Amino acid sequence: MAALSHTRIWSPRLLSELRFSYTRSEFVQRSPNTGKVGYYDQFGIKNPLAGPQFEGAPTLSFTGITVTSFGDGDFNTQRDISNEFAYGGSLTWTRGDHAMKGGFTLTRYQQNTPGPVTGMRRGSFNFRGDFTGNAFADLLLGFPYTASRVVGKGVETGRSFWHGYYFNDDWKVSRKLTVNLGVRYEYVSPLLDVLNRRSTFYPLTNDYGTAQRGQVIVAKSAEAASLLHLDGIGARAMYAPDRNNWAPRIGLAYSLNPKTVLRAGYGIFFTNSQNFVNNFVINRRQPPFAETQQITSSTARPEINIADPFISAAAPLVIGTQNINPQFREGYTQQWNLMAQRELPSGVSLEAGYVASKGTKLSELVFYNIPLPGPTATIQARRPFPAWGTALSLDSYVLSSYNSLQVKAQKRFARSLSFLGAYTWAKSIDLSSERGAGDRGGGFDTGSGNVRDTHGYSRGLSGFDVRQRLVMSYVYELPFGRGRALLRDLHPALDKILGGWELSGITQFQGGFPFSVLMSDDRNGDGIADRPDLAGKVSMNSRNPSCYIVDSRNPVCGATSSAFVDLPAGSTRFGSAGRNILIGPGLSLWDLGAAKNTHFGERFNLQFRAEFFNLFNHANFNQPARSANVTAPRFGSITSAQRPREMQFGLKLEF
C-alpha cells in the first residue's frame with residue numbers, strides 16, 4: 001500500500017487537497033493436498049484434473065442423514081490479486097455563514113486470477129438414499145443422485161471504475177439552527193473482462209411457455225444487442241450500466257436551550273457491489289469459457305456410477321450457468337433519524353430518538369431454470385429449459401426495512417468514574433439477509449422453496465434482527481491510595497499494593513436471532529429442500545435447551561403434538577411455514593477487567609491486568625436444531641453454546 005497527499009491553503013477561507021493511494025492485495029487458498037500427484041486417483045473416479053494444483057478429495061454430501069460433508073472443498077486452489085488506484089480531491093470554501101466543500105473520488109479497480117478458475121474441479125456428488133433408503137448406503141454402492149464438475153479455463157480479469165462526486169454546505173442559519181445540505185453522485189462502471197470473456201443465460205426465468213429457447217449469450221455478440229438490448233460497456237460486461245445514482249443528504253441541528261439539542265437527518269446511500277460481482281463471476285464459471293456440468297439421476301433407477309460419473313452416465317449431462325442479470329442495478333438505502341440530546345446533572349448526557357432505514361434493489365443470488373413441483377424422477381425434464389441445468393444469477397431485487405428506538409446515556413470521566421449505556425428496541429424485515437449469515441432467504445436459501453415468489457415466500461425477519469439490546473461499558477478507578485478520597489495519606493510502600501487499582505467492563509443483554517424451520521430434503525421434486533407445514537401454535541421452552549421447541553418429535557419434551565408437519569412426499573406445493581418465524585436464545589454476558597498501575601518515579605509504570613470473559617460462566621446457547629425431519633440432533637434441541645468463562649493475565653512495563 002502507498003499513499004500521497006497534498007494540501008494547500010490558498011487563503012484563510014479557501015483550502016484544497018489532492019490524494020492518491022495504491023492498494024494491492026493477494027488472496028491465496030490451497031488444499032492441504034495441493035501438488036500431491038496421484039492423490040485424487042486413489043478414489044477411483046474417472047475425472048481428469050486440470051493440473052496438480054487441483055489435487056485433493058472430491059466433495060461428497062449427504063441428504064436426510066446427519067453426516068458431515070467430505071472433501072477438500074469447492075474453491076481450492078485459488079489465487080486472486082486485486083489492485084486499486086484511488087484518486088481524490090476536495091475544495092473547501094468558507095463564506096459568511098456557509099462552509100462549503102466539494103470534491104471527487106475515482107478508483108480504478110483491477111482483479112486478476114491467474115490460471116484456471118477454481119470450483120468443483122474434483123467433482124461434487126450428492127447422495128440422498130433414493131436407491132437403498134439410506135444416503136450412506138447409496139455411497140457404498142457408488143450411486144449418487146447428482147454429480148457436478150467444472151471444466152474449462154474461465155475468466156481471469158475484471159476491470160471497473162468507481163466514480164464519486166459530491167458537494168456539501170454547512171449553513172449556520174442562526175445561533176440556534178444549523179442546516180447541512182449535500183448531494184452525491186456515484187457511478188460504478190460495469191465489470192468487464194479485457195478479452196470480453198463474459199456471458200449470460202437467456203432468458204433468465206422460471207416461467208414456462210416463453211416460446212424461447214435457452215441459450216448462452218457472450219459479450220459483444222449480435223444477441224447481446226438484439227435480445228438483451230445492450231451496447232457499449234454494457235455489451236462487454238453483459239449487464240447495463242447504472243448511471244442514475246443521485247444521493248441527496250440533509251441534516252438539521254436545533255438548540256432549544258443551552259442543554260437541549262434536537263437533530264434530524266435524511267440521506268440516500270448506494271452500495272458498491274463490484275468486489276462481490278468480481279469474485280462471483282471470476283472465481284466461478286461462465287460458459288463457454290468455463291462451465292459447470294451437471295447430471296441428475298432418475299429416482300426410479302440409478303443412472304450415475306461414481307467410478308465414471310460424467311462420460312458414462314445414463315442420465316443426460318447438462319450445463320449450469322453463472323450469471324449477472326442484464327438489468328442488475330446498484331442497491332441503495334434511505335436512512336433517516338430524529339434525535340434529542342439533553343445534558344443532565346452530574347455530567348450525564350442523554351440521547352434518545354428514532355432511527356430507521358429502507359433498502360431497495362439490494363443484491364442476492366437467485367436460482368433460475370427451476371422446475372415446478374412434480375415427480376422427482378422427472379426433475380430435469382420439468383425444467384423450463386430441459387437441455388440446461390440451473391442458472392444461478394446475481395439479481396438486485398431485495399427490499400428491507402429497519403425501525404428502532406435508540407437511547408444512549410454517557411458520563412464522561414469524573415470523580416474516577418465513566419460509563420456508557422446504550423439500549424435499542426428495533427425490528428428489521430427483509431427478503432434476504434447478508435450473504436454468509438446463514439439466512440440468505442430469497443432464491444438462495446436451501447430452505448427457501450418457492451423461487452417464483454421471493455417477495456411473498458421469503459419476506460420475514462432479517463437474519464440479524466434482534467428485538468432488544470442493552471450494552472453497558474464502564475471504567476472505575478478505585479478511591480484507595482495516596483491523593484485519593486480514601487487512604488490519601490497511605491504510606492508509599494503500602495500504596496504500591498493498595499493504590500492504583502482500576503475496574504472496567506462490558507455488560508451485554510440481548511434477545512435472540514430468528515431462524516426458519518426447514519426440512520433436510522426435497523419433497524415436492526423441484527430440486528430445492530423444502531419447508532414443512534405450520535399446523536398450529538409453536539410452544540417454546542427457553543429454560544430447557546434439550547427441548548427448546550416443544551415438539552412430539554423430541555422424546556425429551558414429552559409432548560403429544562407438533563406445530564410442524566412434514567411436507568408429504570410427492571407433494572406439488574410448498575410448505576406453509578414462513579421464513580424466520582421463531583426466535584433463538586438470547587445473550588447475557590459480563591466481561592470484567594481489573595488493572596493495577598504501579599509507578600516508579602516519573603518514567604516507569606508497571607501495569608498488571610486480569611481479564612475475565614463471561615465472568616459468571618453463563619451458558620449462552622446457540623440456535624436449536626431446525627431440520628424438522630432429521631432424527632439426530634433432535635428437532636428443537638440445542639447441542640452447543642458459545643464460549644464459557646475465560647481468564648487471561650498480563651504484565652506490561654511502560655516507559
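All of these numbers come straight from a predicted model, not from anything done at the bench.
The shortest side-chain heavy-atom distance between Met339 and Glu351 falls under the 4.5 Å cut-off. Within the 4.5 Å cutoff, the side chain of Leu362 has no heavy atoms near those of the Leu399 side chain. Using a 4.5 Å heavy-atom cutoff, the side chains of Phe564 and Val538 are in contact. Within the 4.5 Å cutoff, side-chain heavy atoms of Pro624 are placed close to those of Pro585. Ser418 has its side chain out of reach of Lys411: every pair of non-hydrogen atoms, C-beta onward, lies at least 4.5 Å apart. For the pair Ile581 and Pro514, the minimum side-chain heavy-atom distance is 4.5 Å or more. Phe167 is listed as a side-chain neighbour of Asp169, based on a closest heavy-atom distance under 4.5 Å. Proximity of Asn325 to Leu394: side-chain heavy atoms (C-beta onward) are nowhere separated by under 4.5 Å.
Applying the 6.0 Å contact sphere to CG of Leu653 captures more than 12 heavy atoms from other residues, nucleotides or ligands. For Arg459, the CZ atom sits in a loose shell: 12 or fewer heavy atoms of surrounding residues, nucleotides or ligands are nearer than 6.0 Å. When the shell of 6.0 Å around CZ of Phe649 is examined, it contains more than 12 heavy atoms from other residues, nucleotides or ligands. Environment of NZ in Lys101: sparse, with no more than 12 heavy atoms of neighbouring residues, nucleotides or ligands closer than 6.0 Å. For Lys259, the NZ atom counts as loosely surrounded, since its 6.0 Å shell holds 12 or fewer non-hydrogen atoms of other residues, nucleotides or ligands. Summarising the local packing, CZ of Arg643 is surrounded by more than 12 heavy atoms from other residues, nucleotides or ligands at distances under 6.0 Å. A 6.0 Å sphere centred on NZ of Lys358 holds more than 12 heavy atoms belonging to other residues, nucleotides or ligands. Within a 6.0 Å sphere centred on CH2 of Trp336, other residues, nucleotides and ligands contribute more than 12 heavy atoms.
Salt-bridge annotation for Glu26 and Arg24: absent, with no side-chain N of the basic residue lying under 4.0 Å from a carboxylate O of the acidic one. Under the 4.0 Å criterion applied to side-chain N and carboxylate O atoms, Arg579 and Asp430 are assigned as salt-bridge partners. A salt bridge links Asp465 with Arg467; the closest basic N to acidic carboxylate O contact falls under 4.0 Å.
Ring-plane geometry between Tyr397 and His455 is classed as tilted, the angle between the planes lying from 30 to 60 degrees on a 0 to 90 degree scale. Under the 30°/60° scheme for interplanar angles, the aromatic rings of Tyr185 and Tyr165 are found to lie parallel. Under the 30°/60° scheme for interplanar angles, the aromatic rings of Phe604 and Phe655 are found to be tilted.
Atom CH2 of Trp93 and atom OG of Ser11 lie 10.0 Å apart (nearest 0.5 Å). For the atom pair CG (Asn244) and CD (Glu186), the distance works out to 12.5 Å, reported to the nearest 0.5 Å. Between Ser393 atom OG and Leu365 atom CG the span is 8.0 Å, to the nearest 0.5 Å. If you take NE2 on His98 and CH2 on Trp171, they are separated by 5.5 Å, rounding to the nearest 0.5 Å.
Relative to the six-membered ring of Phe85, Arg108 meets both conditions, a distance below 6.0 Å and an angle of at most 45° to the axis. For the pair Arg8 and Trp10, the cation-pi criterion (under 6.0 Å, within 45° of the ring axis) is fulfilled. Tyr457 does not carry Arg452 over the face of its six-membered ring by the limits of under 6.0 Å from the centre and within 45° of the normal.
No hydrogens or angles considered: a donor-acceptor pair under 3.5 Å links the side chains of Arg469 and Gln508. With no hydrogens or angles considered, a side-chain donor-acceptor pair links Glu330 and Thr271 at under 3.5 Å. Side chains of Asn597 and Gln607: a donor-acceptor N/O pair is present below 3.5 angstrom, by distance only. No hydrogens or angles considered: nothing links the side chains of Tyr22 and Glu84 as a donor-acceptor pair under 3.5 Å. For the residue pair Lys172 and Ser174, no side-chain donor N or O sits within less than 3.5 Å of a side-chain acceptor on the partner. Using a 3.5 Å distance cut-off with no hydrogens or angles, the side chains of Tyr423 and Gln468 do pair a donor with an acceptor. Between the side chains of Arg19 and Ser5, no donor-acceptor pair of N or O atoms lies under 3.5 Å. A donor-acceptor contact closer than 3.5 angstrom links the side chains of Thr507 and Tyr474.
None of Arg342, Gln341, Glu343 except one satisfies the side chain to side chain donor-acceptor pair (under 3.5 Å) rule with Thr260; the exception is Arg342.
Annotation for Ser637 and Ser546: closest pair CB-O, 3.5 Å, computed over non-hydrogen atoms. The shortest heavy-atom contact between Ser588 and Asn620 is N-OD1, 2.8 Å. Scanning both residues, Ile638 and Asn622, for their nearest heavy atoms gives CG2-O, 3.5 Å. Taking both residues in full, the closest heavy atoms of Gln623 and Phe513 are given as NE2-O, 3.1 Å, listed atom of the first, atom of the second, then distance. In plain terms, the two heavy atoms of Lys427 and Leu461 that are nearest each other are CE-CD2, 3.8 Å. Heavy atoms only, all atoms of each residue included: Asn168 and Gly182 are closest at OD1-CA, 4.0 Å.
At distances below 3.5 Å, not a single donor-acceptor pair connects side-chain atoms of Ser396 with backbone N or O atoms of Gly331. Not a single donor-acceptor pair under 3.5 Å links the side chain of Ser504 to the backbone N or O of Val475. Of the possible donor and acceptor atoms, one in the side chain of Asn614 sits under 3.5 Å from a partner among the backbone N and O of His618. Judged by distance alone, the side chain of Ser357 and the main-chain N or O of Gln335 form no donor-acceptor pair under 3.5 Å. When atom types are taken as modelled, the side chain of Tyr239 and the backbone of Leu191 share a donor-acceptor pair closer than 3.5 angstrom. Between the side chain of Thr424 and the backbone N or O of Gln406 there is no donor-acceptor pair closer than 3.5 Å. Of the possible polar contacts, one joining the Ser576 side chain to the Leu534 backbone as a donor-acceptor pair under 3.5 Å is found. Within the 3.5 Å criterion, the main-chain N or O of Asn257 finds a donor-acceptor partner in the side chain of Ser255. Side-chain atoms of Asn605 do not come within 3.5 Å of backbone N or O of Glu654 as any donor-acceptor pair. Side chain of Lys537 to main chain of Ala563: no donor-acceptor pair is present (N/O by atom type, distance under 3.5 Å, no hydrogens or angles).
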Can Gln648 and Phe613 be said to form a side-chain contact (heavy atoms from CB on, under 4.5 Å), step by step?
CA-CA 9 Å; Gln648 66 182 27; Phe613 303 98; 3.8 Å; yes
Passes side-chain contact (heavy atoms from CB on, under 4.5 Å), Tyr332 versus Phe269? Steps please.
CA-CA 5 Å; Tyr332 64 92; Phe269 302 85; over 6 Å; no
Leu252 and Thr178: side-chain contact (heavy atoms from CB on, under 4.5 Å), yes or no, with the steps?
CA-CA 6 Å; Leu252 303 172; Thr178 299; over 6 Å; no
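Judged as a salt bridge (Lys or Arg N to Asp or Glu O under 4.0 Å), and not counting sequence neighbours, Glu646 has no contacts.
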